Amino acid sequence: MSYHEEDNSGKILLAALAGAGAGIIAGMLMAPDKGKATRENLRSAATKYSGTLGEQLSKYGEELDSKFKGYVEKLEDMGITGVGSSLNLKGDWNESKGKLKQQYAQLTDEDLEYTEGKGDELVGRLQSKLGKGKREITKLLNDL
């Protein structure tokens, strides 16, 4: 069974950049204003388009991140990577911390400090403190 999804976001971004470049060149060739006025117009247009481009890149980055997480979950469901290969914390972290402290008395608040996007650091601290493997720690956290 094969899963294939065509992603055109790169092509769209390239086409947008090519269109913007062509428009700038055409504007320079057909500019009715003096050089200084033309440069100022180009500067303002570049500022406008750079903001739009930044927003588009951010949007595509978020889409790629969500697709990647979806693929990881599919691989786990198919049994290819095994459960617990990716950290997926849900619910109230303070409640989860309390459960972990009850289960493992040697853990401190500093050991259980978690910041969104820095799950690998948490897993690393727990690995060294509890003497367990990454997969085992990840599964333990996901099961809370």
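From a predicted model like this one, the values you see are computed outputs, not experimental measurements. Excluded from the calculations below are hydrogen atoms, water molecules and symmetry mates; all remaining heavy atoms, backbone and side chain alike, are included.
- Listed by chain and number, the residues in a side-chain hydrogen bond (donor to acceptor under 3.5 Å, both in side chains) with Asn94 amount to none (sequence neighbours excluded).
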Test log, rule side chain to side chain contact (heavy atoms under 4.5 Å, CB included), inputs Leu126 and Leu141: CA-CA 10 Å; Leu126 293 177; Leu141 292 172; 3.9 Å; yes
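- Shortest non-hydrogen contact noted between Gln127 and Lys134 is NE2-N, 3.2 Å.
- For the pair Leu107 and Lys97, the minimum side-chain heavy-atom distance is 4.5 Å or more.
- For the pair Thr108/Lys101, no side-chain contact is recorded, criterion being any heavy-atom separation below 4.5 Å from C-beta on.
- With sequence neighbours excluded, the residues forming a salt bridge (Lys or Arg N to Asp or Glu O under 4.0 Å) with Glu40 are Arg43, listed by chain and number.
- When only modelled atom types and interatomic distance are considered, Asn41 and Ser44 share no side-chain donor-acceptor pair under 3.5 Å.
- For Glu110, there are no salt bridge (Lys or Arg N to Asp or Glu O under 4.0 Å) partners two or more places apart in sequence or in a different chain.
- Here Glu121 pairs with Lys118, Arg125 under the side-chain contact (heavy atoms from CB on, under 4.5 Å) rule; sequence neighbours left out.
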Pairs under 3.5 angstrom only: tabulate donor-acceptor contacts from the side chains of residues 51-61 to other protein residues two or more places apart or in another chain.
residue: Thr52; atom: OG1; partner: Lys48; partner atom: O; Å: 3.3

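- Panel note: side chain Trp93, backbone Glu113; no donor-acceptor pair is recorded below 3.5 Å.
- Residues that satisfy the side-chain hydrogen bond (donor to acceptor under 3.5 Å, both in side chains) test with Tyr104, not counting sequence neighbours, are Lys132.
- Rounding to the nearest 0.5 angstrom, the gap separating the CG atom in Asp111 from the CG atom in Leu130 is 8.0 Å.
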